[in-house]
Student: 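Please see the structure below; I have some questions.
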Amino acid sequence: MSKPSLARGTRDFGPEQMAKRNFIFDTIRRSFQRYGFLPLETPAFENLSVLMGKYGDEGDQLLFKILNSGDFSGKLVAQDWQEGYKPLTTKISEKGLRYDLTVPFARYVAMNRGTLPMPFKRYQIQPVWRADRPQRGRYREFYQCDADVVGTDSLLCEAEIVLLLHDILPALGIIDFTVKINNRKILTGIADIIGAHGMEGPLCVAIDKLDKIGKDKVVEELLERGFSGESIGQLDPIFNLSNEDEPFTELSDWLAESPVALKGIQELEEVWAMVKVLGLEHAKIEFDVTLARGLSYYTGAIFEVKANNVQIGSISGGGRYDNLTGTFGVPGISGVGISLGVDRIYDVMEELNLFKDAQSTGTQVMVSNFDEAAFTFGLSILPKLRQAGINSELYPDQVKLKKQLDYADRKNIPFVILIGSEELNSGLLTLKNMKSGEQQKLKIEDIISLLTAAS
RNA sequence: GAGGUUGUAGCUCAGUCGGUUAGAGCGCUAGAUUGUGGUUCUAGAGGUCGCGGGUUCGAGACCCGUCUCCCUCCCCA
């Protein structure tokens with residue numbers, strides 16, 4: 001017999017944790033629905049052909065692959081072993097656990113394009129899996145809450161994502177946050193302008209770290225990634241770009257020669273304007289040229305949300321992707337979406353002590369079980385309580401009252417109904433308030449109306 | 001995938017230089033109290049010292065391997 005253990009990077013969620021998590025899920029779901037998103041669920045695992053190549057090399061490596069069932073090695077020959085693990089993987093595994101919710105959604109859209117009302121807005125709340133090394137705020141199984149719109153390139157979607165975030169996070173009690181926004185087109189333009197056409201990928205990865213490691217280290221990394229000193233020299237505006245009111249004019253001057261970049265800047269300006277018209281006066285949005293994000297499929301706006309004054313990575317991320325369905329043979333469907341990480345939001349809320357008001361869905365009243373006659377009577381009042389919408393339970397065993405009350409105490413049950421021979425004779429039941437210790441004798445109807453009023 | 005670190009009772013942790021039967025607090029169980037929880041008192045149960053190997057007369061302690069926690073990098077929610 002072996003000691004039980006959890007797989008690395010996974011967790012159980014007990015009742016108290018689930019109460020908090022459900023509060024988060026419910027809050028997010030309500031907001032998603034209010035913005036017109038419809039629910040979708042997709043399978044936990046997909047064919048690897050769907051998942052591979054969508055997240056970059058790094059992502060492919062972090063995919064959990066599922067070993068083929070049965071005799072997966074039967075057809076292997078000696079040469080397969082010598083070719084290394086990558087070619088071997090394709091021979092012994094053809095399915096993998098989903099890595100995010102966006103790619104499965106794109107697959108769903110591609111497969112159902114004829115039947116979906118376009119533009120199609122869906123939300124999806126499901127776990128995803130990544131085979132990376134666990135750390136603070138990083139797990140191998142975690143929940144994402146995604147909302148995406150496909151089938152329109154209207155910047156209203158981007159603006160609505162900003163609004164959505166400003167609804168959800170305060171509703172959770174997270175008030176101090178920043179929605180960082182950038183546009184992939186600007187990054188593409190920068191790569192062009194500095195004479196490093198097509199290298200925005202590595203450029204992004206490096207400058208994304210600016211606020212973390214500083215200019216010198218970024219320059220160092222750019223050199224390592226094959227940028228010339230001349231190109232890097234032209235990046236100065238990035239390092240000096242002021243975060244003041246009009247960063248866009250400054251940027252437009254610098255990137256005037258790049259039509260792509262100008263398009264990106266114009267898109268962002270439009271988003272800013274629309275957010276304002278939508279009535280968000282003090283938007284916590286911030287343009288950040290250094291925001292890049294590694295996922296390779298983004299083509300327009302890029303979002304990232306940071307909870308301030310908490311040592312946890314971003315709690316949300318997203319962006320626009322123009323051609324995700326294209327890889328499934330359906331080009332021309334642009335999409336944009338946002339993904340919230342429940343597990344990180346949970347950690348943030350825990351750290352900021354924001355769970356005090358989380359409602360309990362636990363038992364409201366417990367009926368004691370004193371003897372056979374009282375038990376039978378308890379059976380008869382239980383359905384009455386439940387039909388009145390009161391969460392209730394009858395203690396199943398005839399054990400000492402001390403033990404029953406102790407159980408109620410540990411489950412934080414606020415009321416206990418005591419039934420013994422005395423109560424059976426008089427028809428008046430003893431209702432005990434577990435917090436104050438007070439007891440009163442009442443008819444069951446009065447208990448029900450009292451408990452209904454209390455909740 | 002690279003580097004560092006941790007692991008002793010359900011939990012938090014002591015455990016001296018390698019030396020008798022591995023301890024504490026909290027929690028748990030039972031009783032004090034056969035109709036009353038939280039407080040108190042008493043008693044009790046609970047250990048493959050992460051796992052595997054090695055050194056030694058002797059290993060919780062030292063060495064090697066491995067797994068795991070946490071942290072840094074990479075990357076990300």
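Chain naming here is simple, since letters A, B, ... match the order of the sequence lines and numbering starts at 1 in each. Remember, predicted model here, so these are calculated numbers, not experimental data.
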Student: If you look only at pairs with a residue in residues 152-178 of chain A, which of them pass as a ring pair (Phe, Tyr, Trp, His ring centres under 6.0 Å), with sequence neighbours excluded?
Tutor: A:H166-A:F177
Student: Can you sort out which residues in residues 160-168 of chain A have a heavy atom within less than 4.0 Å of RNA chain B? Ascending by number, please.
Tutor: none
Student: Reckon A:D406 touches a base, only the sugar-phosphate, or nothing at all at heavy-atom distances under 4.0 Å?
Tutor: sugar-phosphate
Student: Considering only the P atoms, how many Å lie between B:U66 and B:U5, rounded to the nearest integer?
Tutor: 15 Å
Student: Please work out if A:G437 contacts a base, only the sugar-phosphate, or nothing of the nucleic acid, heavy-atom cut-off 4.0 Å.
Tutor: base
Student: Return the set of residues passing side chain to side chain contact (heavy atoms under 4.5 Å, CB included) with A:R133 (not counting sequence neighbours), or none when no residue passes.
Tutor: A:R8
Student: Any idea how A:F32 and A:Y123 line up, ring-wise: parallel (<30°), tilted (30 to 60°), or perpendicular (>60°)?
Tutor: tilted
Student: In whole Å, measure the gap between the P atoms of B:G38 and B:U33 for me.
Tutor: 15 Å
Student: Please state the C1' separation for the pair B:A43 and B:C49 - nearest whole angstrom.
Tutor: 27 Å
Student: Going by heavy atoms in the side chains, are A:I315 and A:L340 under 4.5 Å from each other?
Tutor: no
Student: Please report, to 0.1 Å, the donor-acceptor pairs under 3.5 Å made by any side chain of residues 150-163 of chain A, with sequence neighbours excluded.
Tutor:
unit_1, atom_1, unit_2, atom_2, d
A:T152, OG1, A:S154, N, 2.9
A:S154, OG, A:L156, N, 3.0
A:E158, OE1, A:R320, NH2, 3.0
A:E158, OE2, A:R320, NE, 2.5
A:E158, OE2, A:R320, NH2, 3.3

Student: Identify which nucleotide among B:U29, B:A77, B:U36 has an atom closest to any side-chain atom of A:K432, counting heavy atoms from C-beta outward.
Tutor: B:U36
Student: Who passes side chain to side chain contact (heavy atoms under 4.5 Å, CB included) against A:E350, sequence neighbours left out?
Tutor: A:K20, A:Y346, A:F355
Student: Could you write out each protein N or O paired with an N or O of nucleotides 67-73 of chain B at a distance under 3.5 Å?
Tutor:
unit_1, atom_1, unit_2, atom_2, d
B:C69, OP1, A:G9, N, 3.2
B:C69, OP2, A:R8, NE, 3.2
B:C71, OP2, A:R136, N, 2.3
B:U72, OP2, A:Q135, OE1, 3.1

Student: Hunt down any stem RNA chain B takes part in, defined as 3 or more consecutive Watson-Crick or G-U pairs whose two distances are each under 3.5 Å.
Tutor: B:1-4 with B:70-73, B:10-13 with B:23-26, B:28-32 with B:40-44, B:50-54 with B:62-66
Student: In whole angstrom, give me the gap between the P atoms of B:A14 and B:A24.
Tutor: 16 Å
Student: Say we look at B:G58 and B:C13: how far apart would their P atoms be, to the nearest angstrom?
Tutor: 34 Å
Student: Which residues, if any, of residues 310-325 of chain A bring a heavy atom under 4.0 Å of RNA chain B?
Tutor: A:S314, A:I315, A:S316, A:G317
Student: Just compare B:G35, B:A77, B:G37 and give me whichever is closest to any side-chain atom of A:S421.
Tutor: B:G35
Student: Is there a donor on the side chain of A:D409 or the base of B:G37 sitting less than 3.5 Å from an acceptor on the other?
Tutor: yes
Student: Using the C1' atom in both, what is the distance from B:C71 to B:C64, to the nearest Å?
Tutor: 25 Å
Student: List in chain and number order the residues that pass side chain to side chain contact (heavy atoms under 4.5 Å, CB included) with A:T376, two or more places apart in sequence or in another chain; answer none if no residue qualifies.
Tutor: A:E372
Student: Record whether the side chain of A:E423 comes under 3.5 Å of the base of B:G35 through a donor-acceptor pair of N or O atoms.
Tutor: yes
Student: Under 3.5 Å, which donor-acceptor pairs do the side chains of residues 377-386 of chain A form with other protein atoms, sequence neighbours left out?
Tutor:
unit_1, atom_1, unit_2, atom_2, d
A:S380, OG, A:F377, O, 2.6
A:R386, NE, A:S392, O, 3.2
A:R386, NH2, A:S392, O, 2.9

Student: Under the salt bridge (charged side-chain N to carboxylate O under 4.0 Å, His left out) definition, can you give me all pairs with a residue in residues 437-455 of chain A, not counting sequence neighbours?
Tutor: A:E422-A:K441
Student: Where along residues 395-404 of chain A does a heavy atom come under 4.0 Å from RNA chain B, residue by residue in number order?
Tutor: A:K400, A:L401, A:K402, A:K403
Student: Just how far, in rounded Å, is P of B:C75 from CH2 of A:W129?
Tutor: 25 Å
Student: Side chain of A:F370 only, please: which of B:C75, B:G35, B:G37 is the nearest?
Tutor: B:G35
